[in-house]
Amino acid sequence: MKKLLLLLLCVPLIGLGQTQMEMNLSAAKKYSDTDSSLNSLYEKLISEYSKDTLFIKNLKKSQELWNQIKNTHYLLKYHKNVDIRQGSFFPVCEYTFLTEITQQRIDFLMPWYVGDPGGSDGDICSGSIKIVW
């Protein structure tokens, strides 16, 4: 399954005639863009919920712990003895992994930004997620 995913990832890039350097740079750019989106969302949440000091405290702690988990997951997947680290394709693998895990964090935080639509018809368990009418 993993080899098929890797193949599917590579085929469109090879079809575009990209060099390994171009593929590496493209993967790095995608991660950079995703990381910037996460940082932007984080700052928007800080601003949007600025009056809720307990939420802000917990958001900051959550982000700090998420960064630790992200780094630990990275080391679990790509510790120094993993053979792929020696190959020229490794940056694509590395940045694709980091992009995916960062996108998961964005998806997790997004409900606090968009809110719970519908007011009383919304999720009664929405907790600190704002209700939008």
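Sequence positions, counted from 1, serve as the residue numbers for this chain.
A distance-only check finds a donor-acceptor pair linking the side chain of Thr72 to the backbone of Gln68 [under 3.5 Å]. Put simply, the side chain of Ser47 never gets that close to the backbone of Lys44: no donor and acceptor are under 3.5 Å apart. The main-chain N or O of Ser32 is found under 3.5 Å from a side-chain atom of Ser36 such that the two form a donor-acceptor pair. For the pair Asp35 (side chain) and Tyr31 (backbone), a donor-acceptor distance under 3.5 Å is absent.
Ile106 and Ile69 are assigned to two separate hydrophobic clusters, defined by single-linkage of ILVMFWY side chains at heavy-atom distances under 4.5 Å. In the hydrophobic cluster analysis, where Ile, Leu, Val, Met, Phe, Trp and Tyr join through side-chain heavy atoms closer than 4.5 angstrom, Leu65 is grouped apart from Leu59.
Inter-residue side-chain proximity for Arg105 and Ser62 is flagged as met; some heavy-atom pair is nearer than 4.5 Å. No side-chain heavy atom of Val132 sits less than 4.5 Å from a side-chain heavy atom of Asp116. A 4.5 Å side-chain heavy-atom check between Leu109 and Trp66 finds every atom pair outside the cut-off. At a threshold of 4.5 Å between non-hydrogen side-chain atoms, the residues Trp112 and Lys130 do not count as touching. Side-chain contact check for Gln104 versus Ile101: some heavy-atom pair is nearer than 4.5 Å. Annotation: side chain of Val92 is in contact with side chain of Phe89 (closest heavy-atom distance under 4.5 Å). Contact check for Leu38 versus Gln103: no side-chain heavy atoms found under the 4.5 Å cut-off.
Heavy atoms only, all atoms of each residue included: Gln20 and Ser88 are closest at NE2-O, 3.4 Å. Looking at every heavy atom in both residues, Lys80 comes nearest to Gln86 through O-NE2, 4.5 Å. Contact detail for Pro91 and Ala27: the closest heavy-atom pair is O-CB, 4.4 Å. Ile129 and Pro111 get closest at one heavy-atom pair: CG2-O, 3.2 Å. The shortest heavy-atom contact between Leu45 and Phe55 is O-CE2, 4.4 Å.
For Tyr74, the side-chain contact (heavy atoms from CB on, under 4.5 Å) test picks out Tyr78, Arg85, Phe90, Glu94, Phe97, Leu98, with sequence neighbours left out. Listed by chain and residue number, Met21 satisfy the side-chain contact (heavy atoms from CB on, under 4.5 Å) test with Leu25 (two or more places apart in sequence, or in another chain). Annotation: side-chain hydrogen bond (donor to acceptor under 3.5 Å, both in side chains) contacts of Lys60 (sequence neighbours excluded): none.
When the shell of 6.0 Å around CG of Asp83 is examined, it contains 12 or fewer heavy atoms from other residues, nucleotides or ligands. Counting non-hydrogen atoms of neighbouring residues, nucleotides and ligands closer than 6.0 angstrom, the NZ atom of Lys70 exceeds 12 such neighbours.
Atoms CG and CD, from Leu41 and Gln63 in turn, are 9.0 Å apart once rounded to the nearest 0.5 Å. In this structure, CG on Asn71 lies 10.5 Å from NE2 on His73, to the nearest 0.5 angstrom. The line from NZ of Lys57 to CG of Leu54 is 6.5 Å long, rounded to the nearest 0.5 Å. Atom NZ of Lys29 is separated from atom CD of Glu22 by 15.0 Å, given to the nearest 0.5 angstrom. Of the inter-residue distances, the one linking Ser126 atom OG with Ile131 atom CD1 reads 5.0 Å to the nearest 0.5 angstrom.
A donor atom on one side chain and an acceptor atom on the other are not found under 3.5 Å apart for Asn39 and Glu43.
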